[in-house]
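In what follows, a structure is listed as structure tokens, so that the remarks can point back to it.
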Amino acid sequence: MLGDIQAWLTEGEEIYDFALASGVLYHMADPGEFLRLLAKRVNAVFIWTHFVLEDAMPEGDVRWLPFSGKIETKLIDGIEVRYYERSYHHANANASFCGGMKDRHFWMHRDDILKLLHAFGFDDVIIRDEYLSHPGGPSFSLLARKTSSGA
């Protein structure tokens with residue numbers, strides 16, 4: 001699939017016990033849809049990601065520089081989430097670039113990531129290693145599991 005995980009998630013039906021999505025979410029052109037598709041295929045997921053949290057990135061913070069200032073509101077399964085437009089400044093055109101597939105990608109707000117995970121049935125979410133002063137932008141790791149009988 002040449003790294004197109006969203007296409008891969010739409011083509012199969014197999015359910016997996018666990019998925020590892022470390023350094024993936026914040027590179028996505030549609031991160032909320034990625035979470036929706038992933039939730040249909042896994043019972044647990046480990047995520048490490050950057051996110052937006054205004055309190056951690058005050059106005060003038062250099063970590064805002066790659067962001068366009070455009071914030072889109074998306075509906076993912078009827079749930080409103082915020083997408084903060086960001087650019088690699090065309091670094092993705094270089095064959096040695098190891099980020100996302102498209103220059104235009106979106107970071108999600110911390111609260112919206114958690115809101116979607118809960119809405120998609122991940123009822124046990126453990127956040128670890130939250131690092132609000134990460135030089136690349138606020139980040140955390142989390143383990144989200146479906147523990148209810150419907151999982």
Side-chain angles (χ1 to χ4, degrees), residues 1-10 18-147:
M1 295 302 296
L2 301 175
D4 190 345
I5 193 170
Q6 283 189 217
W8 181 81
L9 287 169
T10 62
F18 177 77
L20 176 69
S22 182
V24 173
L25 187 64
Y26 64 97
H27 288 296
M28 297 302 232
D30 195 350
E33 178 65 5
F34 167 71
L35 289 176
R36 186 186 75 77
L37 292 170
L38 187 64
K40 293 170 110 179
R41 304 280 305 276
V42 302
N43 292 319
V45 61
F46 173 87
I47 296 172
W48 180 89
T49 192
H50 288 294
F51 54 81
V52 169
L53 186 64
E54 292 87 350
D55 292 343
M57 293 172 55
E59 189 175 332
D61 189 315
V62 296
R63 297 176 296 172
W64 282 115
L65 290 176
F67 291 88
S68 70
K70 184 177 180 183
I71 303 168
E72 295 182 17
T73 300
K74 293 274 192 171
L75 280 179
I76 307 294
D77 269 8
I79 301 162
E80 278 192 10
V81 294
R82 294 158 282 184
Y83 279 18
Y84 295 77
E85 186 180 51
R86 198 170 182 282
S87 173
Y88 298 121
H89 301 288
H90 304 290
N92 62 308
N94 185 320
S96 67
F97 181 70
C98 63
M101 295 173 57
K102 300 184 185 328
D103 184 58
R104 184 175 184 249
H105 59 286
F106 296 91
W107 282 22
M108 293 181 66
H109 194 279
R110 179 190 188 279
D111 298 344
D112 294 345
I113 295 169
L114 298 174
K115 180 170 50 173
L116 284 182
L117 290 172
H118 287 288
F120 297 150
F122 295 101
D123 56 347
D124 182 22
V125 178
I126 302 165
I127 297 171
R128 300 293 305 261
D129 305 315
E130 191 160 25
Y131 185 18
L132 300 181
S133 60
H134 187 291
S139 65
F140 61 23
S141 60
L142 64 81
L143 176 65
R145 297 182 309 147
K146 297 175 182 175
T147 63

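Numbers for residues simply follow the sequence, beginning at 1. Because only heavy atoms are used, hydrogens play no part in the values below, and waters and symmetry mates are left out as well, while side chains stay in.
Distance check: Phe46 CZ to Leu142 CG gives 7.5 Å after rounding to the nearest 0.5 Å. Interatomic distance, CZ of Phe106 versus CG of Leu25, reported as 13.0 Å (0.5 Å rounding). Note: Leu132 CG to Asp55 CG = 9.0 Å, rounded to the nearest 0.5 Å. Separating the CZ atom in Arg82 from the CE atom in Met108 is a distance of 9.0 Å, to the nearest 0.5 Å. If you take CG on Leu37 and CG on Leu9, they are separated by 5.5 Å, rounding to the nearest 0.5 Å. Here the CG atom belonging to Asp129 is positioned 11.5 Å from the CZ atom belonging to Phe140, to the nearest 0.5 angstrom.
Pro138 and Met57 get closest at one heavy-atom pair: CD-SD, 3.1 Å. For the pair Leu117 and Leu35, the tightest heavy-atom approach, listed with the atom from each and the gap, is CD2-CD2, 4.3 Å. Pairing each heavy atom of Asp61 with each of Ala56, the nearest pair is OD2-O, 3.9 Å.
Checked by atom type and distance alone, the side chain of Lys40 never pairs as donor or acceptor with a backbone atom of Thr10 at under 3.5 Å. In this structure, Asp123 contributes its side chain and Thr147 its backbone to a donor-acceptor pair below 3.5 Å. A donor-acceptor pair is defined here as one N or O able to donate and one able to accept, closer than 3.5 Å; no such pair exists between the side chain of Lys74 and the backbone of Pro31. With hydrogens and angles disregarded, no donor-acceptor distance shorter than 3.5 Å links the side chain of Asp124 to the backbone of Arg145. Looking only at distances, no side-chain donor or acceptor of Tyr26 sits under 3.5 Å from a matching main-chain atom of Ser139. In terms of modelled atom types and a separation under 3.5 Å, the side chain of Arg63 and the main chain of His134 share a donor-acceptor contact.
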Q | From CA spacing to verdict: side-chain contact (heavy atoms from CB on, under 4.5 Å), His27, Phe34 | A | CA-CA 11 Å; His27 288 296; Phe34 167 71; over 6 Å; no

Q: Tell me, with the steps shown, if Glu85 and Ile71 meet side-chain contact (heavy atoms from CB on, under 4.5 Å).
A: CA-CA 6 Å; Glu85 186 180 51; Ile71 303 168; over 6 Å; no

Q: Please report the C-alpha distance between Arg128 and Leu143 in whole Å, then the side-chain angles of each, then the deciding distance to 0.1 Å, and finally whether the side-chain contact (heavy atoms from CB on, under 4.5 Å) criterion is met.
A: CA-CA 8 Å; Arg128 300 293 305 261; Leu143 176 65; over 6 Å; no

Q. What's the verdict on side-chain contact (heavy atoms from CB on, under 4.5 Å) for Tyr83 and Ile76, showing C-alpha distance, side-chain angles and the deciding distance?
A. CA-CA 11 Å; Tyr83 279 18; Ile76 307 294; 3.8 Å; yes

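Ring pair His50/Trp48: centre-to-centre distance below 6.0 Å.
You'll find the side chain of Asp77 reaches within 4.5 Å of the side chain of Phe120, heavy atoms only. Within the 4.5 Å cutoff, the side chain of Val52 has no heavy atoms near those of the Arg86 side chain.
Among residue pairs with one or both ends in residues 20-38, those qualifying as salt bridge (charged side-chain N to carboxylate O under 4.0 Å, His left out) are Glu33-Arg36; sequence neighbours excluded.
For the ring pair (Phe, Tyr, Trp, His ring centres under 6.0 Å) criterion with Trp107, the lone passing option out of Phe67, Phe51, Trp64 is Phe67.
Heavy atoms from other residues, nucleotides or ligands lying under 6.0 Å from CD of Glu80 number 12 at most.
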